[in-house]
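First comes the structure, then the notes that go with it.
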Amino acid sequence: MQRQRLADCSILLLAGGRGQRMGGRDKGLMEWHGQPLVAWPYRVARPLTDDLLISCNRNQQHYAAFADRLVSDNEPDFPGPLAGIRAGLAAARHPWLMVVPCDAPLIDEALLIQLYEKAQAVPDTAVMARRGAQWEPLFCIIPTCLAPAVEGAWQAGERSNRKILLTLRAWALDLDIDDPRLANLNSPELLSEQTPPQGT
């Protein structure tokens, strides 16, 4: 299948967390099958956009090789993924911002295209992945026109991306409840148990 660029869509890889389940280590740079974890979603996202962002709060010199631009939280002490999403919405060059966590090495091009195509069908509305009844708020696409509403919720004290997007009437991209592509390898145990996607 020929790779295609997603028109008018920036992509943000979230790598700005505290890494608590990794013992405080920067999980995006944890090695998995010979590459840093962030390299796996990067290889899928890179051909699809000309505006690839990474949210990171440390080790910027290492992440710079995997992004067009880096963004970071404007508040200290790792306030959570929503802080990175805020920064991404402010920096995005395109009308859409797709969000993917750095510890999701099993994503594929088809998943990102599904998110994008769903968003095109519901303009000015966010789309979140959902498995069964379980929302997956870090796999989403948000129109940047919603940035003021996200910022307003943040300033009011909300820190949950899921709650904000549901309040803004986000649509669901419904996936199989056992879809392996959304696996978060956010602990050493999960990293050791999982094998790379086929064909890599």
Measure across [X] and [Y] and return the closest heavy-atom pair with its distance rounded to 0.1 Å.
X: Ser10; Y: His94; answer: OG-N, 3.3 Å
X: Cys102; Y: Gly28; answer: SG-CA, 3.6 Å
X: Ser72; Y: Ala87; answer: O-CB, 3.7 Å
X: Leu106; Y: Pro180; answer: CD1-O, 3.4 Å
X: Leu53; Y: Gly88; answer: CD1-O, 4.0 Å
X: Leu52; Y: Ala45; answer: CD1-CB, 4.0 Å

Side-chain contact, heavy-atom cut-off 4.5 Å: [X] with [Y]?
X: Gln114; Y: Leu175; result: yes
X: Thr49; Y: Leu6; result: no
X: Phe66; Y: Leu13; result: no
X: Leu182; Y: Leu111; result: yes
X: Phe139; Y: Met128; result: no
X: Asn161; Y: Pro81; result: no
X: Leu168; Y: Val150; result: yes
X: Asp51; Y: Arg69; result: yes

Passes side chain to side chain contact (heavy atoms under 4.5 Å, CB included), Arg162 versus Leu82? Steps please.
CA-CA 9 Å; Arg162 178 183 62 83; Leu82 184 57; over 6 Å; no
Start with the C-alpha distance between Leu14 and Ile85, add both sets of side-chain angles, then the distance that settles side chain to side chain contact (heavy atoms under 4.5 Å, CB included), and finish with yes or no.
CA-CA 8 Å; Leu14 289 172; Ile85 293 171; 4.2 Å; yes
With distance as the sole test, does Tyr116 use its side chain to make a donor-acceptor pair with the main-chain N or O of Ala7 at under 3.5 Å?
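Looks like yes, one N/O pair under 3.5 Å.
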Salt bridge (charged side-chain N to carboxylate O under 4.0 Å, His left out) between Asp179 and Arg130, worked out
CA-CA 10 Å; Asp179 193 324; Arg130 185 171 65 182; over 6 Å; no
To the nearest 0.5 Å, how far apart are CZ in Arg131 and CG in Asp174?
12.0 Å
